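No experiment lies behind these values; they were computed from the predicted model shown.
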Amino acid sequence: LPEETIENTDYFLIIDGRLDDLALCSSGNVLAFAAPCVFDNTHYNPRAGKITFCMDRMSTLGGQLPANEFEQLVTVTHHELLHALGAESDYFGFFKNPATDLPYGFTRRGS
C-alpha cells in the first residue's frame, strides 16, 4: 500500500472475496485466510492486513446464508481478523513488553 493511502490511520484492513481456484481456497475446508501485509518500519507493528474469503465454499439460498453457515462465517471472520491484526506465532517475538518498551523476542519452545 502506498504510504499516503494510510496516512493518519492506525490500521487498514482489506477484505477480499475470491471465486477463482486460488490454491489456498482449493485445499481442504478453507473458508478464509488472512495475514498482516504492511508493517511499521520502526516497531514492526502491523499497519495493514488482508482477509480473503473463499466465496465458492459458501452456499447461498436466495442471497442469504443458512443460519448454521452464518454462525460459522462469523466465527471464521473473528479468527481471521486476529490473524490480519498480527496474532500469529511468527510475530509474537516482536510484541513489546509495556514495562520495558522492548520486544519480548523469540525463545525456543520448552525453554
Side-chain angles (χ1 to χ4, degrees):
L1 294 172
E3 186 64 30
E4 62 271 8
T5 63
I6 55 175
E7 185 178 333
N8 298 319
T9 301
D10 293 328
Y11 188 82
F12 190 84
L13 180 63
I14 301 162
I15 300 174
D16 186 25
R18 302 297 296 251
L19 287 172
D20 57 357
D21 190 18
L22 191 65
L24 285 169
C25 286
S26 62
S27 62
N29 293 327
V30 175
L31 294 177
F33 55 93
C37 54
V38 176
F39 293 88
D40 175 271
N41 290 334
T42 306
H43 298 94
Y44 206 65
N45 297 329
R47 294 285 313 276
K50 181 178 180 182
I51 300 174
T52 300
F53 290 95
C54 302
M55 302 305 289
D56 59 344
R57 297 272 189 223
M58 299 176 206
S59 64
T60 57
L61 301 173
Q64 295 183 346
L65 287 172
N68 63 330
E69 285 191 34
F70 178 77
E71 290 172 13
Q72 183 180 18
L73 183 57
V74 169
T75 300
V76 167
T77 301
H78 286 146
H79 175 90
E80 297 304 336
L81 181 56
L82 290 171
H83 284 307
L85 289 169
E88 294 188 30
S89 60
D90 292 346
Y91 308 117
F92 290 163
F94 296 103
F95 289 7
K96 292 174 97 180
N97 181 335
T100 64
D101 202 35
L102 296 173
Y104 283 107
F106 295 94
T107 58
R108 273 191 273 169
R109 291 182 183 202
S111 3

Verify the cluster assignment for Ile14 and Leu82: are they in a single hydrophobic cluster under the rule of side-chain heavy atoms below 4.5 Å apart?
no
Among all residues two or more places apart in sequence or in another chain, which pass the side-chain contact (heavy atoms from CB on, under 4.5 Å) test with Leu13?
Tyr11, Ile15, Ile51, Leu81, Ala84
Test of understanding: clusters of I, L, V, M, F, W, Y form through side-chain heavy atoms closer than 4.5 Å, transitively. Do Met55 and Phe70 belong to the same one?
yes
Closest non-hydrogen atom pair, Glu80 against Ala32:
OE2-O, 3.2 Å
Sorted by chain and residue number, the ring-ring contact (aromatic ring centres under 6.0 Å, His included) partners of Phe39 (sequence neighbours excluded) come out as Tyr44, Tyr91
Arg18 and Thr52: which non-hydrogen atoms are nearest, and at how many Å?
CG-CG2, 3.2 Å
Can you tell me how far apart NZ (Lys50) and CZ (Phe33) are? Round to the nearest 0.5 Å.
7.0 Å
Which residues pass the side-chain contact (heavy atoms from CB on, under 4.5 Å) test with Thr77, not counting sequence neighbours?
Phe53, Leu73
Can you see which heavy atom on Ala35 is nearest to which on Glu88, and at what distance?
CA-OE2, 3.7 Å
Quick one: pull up CG in Asn68 and CD in Gln72 and give me the separation to the nearest 0.5 Å.
7.5 Å
Where Pro36 and Gly86 come nearest, the two heavy atoms and their spacing
CG-CA, 4.0 Å
